[in-house]
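Here's the structure, in structure tokens; my notes come after.
Order of listing sets the numbers, starting from 1, for every ligand and every atom in it. The analysis underlying the following values was restricted to heavy atoms, covering all of them including side chains, and did not include hydrogens, waters or symmetry mates. Values in this document were obtained by computation on a predicted structure and should not be read as measured data.
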Amino acid sequence: MNELLGFEASKSGEMYNDLATVFMRARQRAVKLTQQYNRLYGEDEEKRMAVLNDLLGSVGETIFFEPDFRCEFGKNIHIGDRFYANFDCILLDGGEIFIGDDVLFGPRVGIFTTNHAIDATEQAAGGCYSKNVTIGDDVWLGANVTINQGVTIGKNTIVGSGSVVTKSLPESVIAVGNPCRVLREITEKIKRTTFSARSNFLNGFEQTLVPFYGKLTFEWSGDQWQITVIRLTKIGHMKRLRR
Ligand SMILES: CC(=O)SCCNC(=O)CCNC(=O)[C@H](O)C(C)(C)COP(=O)(O)OP(=O)(O)OC[C@H]1O[C@@H](n2cnc3c(N)ncnc32)[C@H](O)[C@@H]1OP(=O)(O)O
């Protein structure tokens, strides 16, 4: 076990002592900052972003976690632009977590980069090893998705609710289940009509979510309306959430 290298060991996949002082202190700091972030819910978003800037390794523009967000260290988490996570997101970042642009997490998504040692003696002594996780641009993780260490999710992929992802997934697929397997590719082209939402429900939706996302579109598929969110990129171009 490598106690001297601290985060260098954890980020490189070597076995490290999870109970070493450097990790204990960093964990306490992260808990305090995430509590502060969660308490600031509903306050000025700039204050919340300032906490995230302090807590996380790097953040893009417009990052939003519903309460309660929790992470282990924070400094190993890197998030791109326009990120939204629903309630109770847990990111255990002994290894690094890289999240791209325009990523959506459903409620109770968990990313776990660290395993305890397999050997019981090393386990009891605090032995752990971590592997980085990467989430590509335009990915949507459904509710209760679990991502295990070492996984990469290709861009534009959707992971169904309750899935446990143990191996990497390619780009532009829908994948589901435990263990998570590809269900189908995302190939279809959907024609959309954009118009303003006017019902109470949709006005409420616009006020709460659309500032983070962009615009709503509606498509009549023959027997039902499909509501889709189109997000505005930094340079103002429309970006489709689902194709
Ligand atoms: C940002 C937010 O807050 S998100 C809000 C939270 N919402 C969610 O988490 C919902 C996530 N959505 C899902 O899980 C959806 O099922 C999707 C998007 C993965 C798939 O939707 P569709 O493409 O319409 O798949 P469809 O419903 O046709 O199902 C196809 C097959 O996959 C199975 N399946 C679908 N979803 C799942 C799942 N999550 N886990 C296991 N199997 C599934 C279906 O049972 C079906 O199996 P069958 O062919 O044997 O009958």
In plain terms, say whether D93 and K11 are close enough for a salt bridge, that is, a side-chain N and a carboxylate O under 4.0 Å apart. no
Pair D101 + K155, salt bridge at N-O below 4.0 Å: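 Salt bridge flag = no for K155 with D101.
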Tell me which part of W140 gets within contact of ligand 1: side chain, backbone, both or neither, using heavy atoms under 4.0 Å. side chain
Indicate yes or no: does an N/O atom of Y84 lie under 3.5 Å from an N/O atom of ligand 1?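 No - when backbone and side-chain N and O of Y84 are compared with those of ligand 1, no distance drops under 3.5 Å.
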Please say whether S163 places an N or O atom under 3.5 Å from an N or O atom belonging to ligand 1.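 No.
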Within ligand 1, which atoms have a heavy atom of [X] less than 4.0 Å away?
{"X": "I174", "answer": "19 (C), 23 (O)"}
{"X": "R184", "answer": "23 (O)"}
{"X": "A143", "answer": "8 (C), 9 (O)"}
{"X": "G142", "answer": "9 (O)"}

Measure from atom 36 (N) of ligand 1 to every heavy atom in N86, L183, V176, L141 and give the option owning the shortest one. V176
Please evaluate residues Y84 and F65 with respect to the criterion ring-ring contact (aromatic ring centres under 6.0 Å, His included), reporting the C-alpha separation (whole Å), side-chain torsions for both, the decisive distance (0.1 Å), and the verdict. CA-CA 6 Å; Y84 173 81; F65 291 88; 9.1 Å; no
Is the gap between the ring centers of F69 and F87 under 6.0 Å?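 No - the distance between ring centres of F69 and F87 does not fall below the 6.0 Å cut-off.
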Verify whether the ring centers belonging to F105 and F83 lie closer than 6.0 Å.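 Between F83 and F105, which both carry aromatic rings, the centre distance is below 6.0 Å.
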Do Y16 and E8 get their side chains close enough for a donor-acceptor pair, meaning under 3.5 Å? no
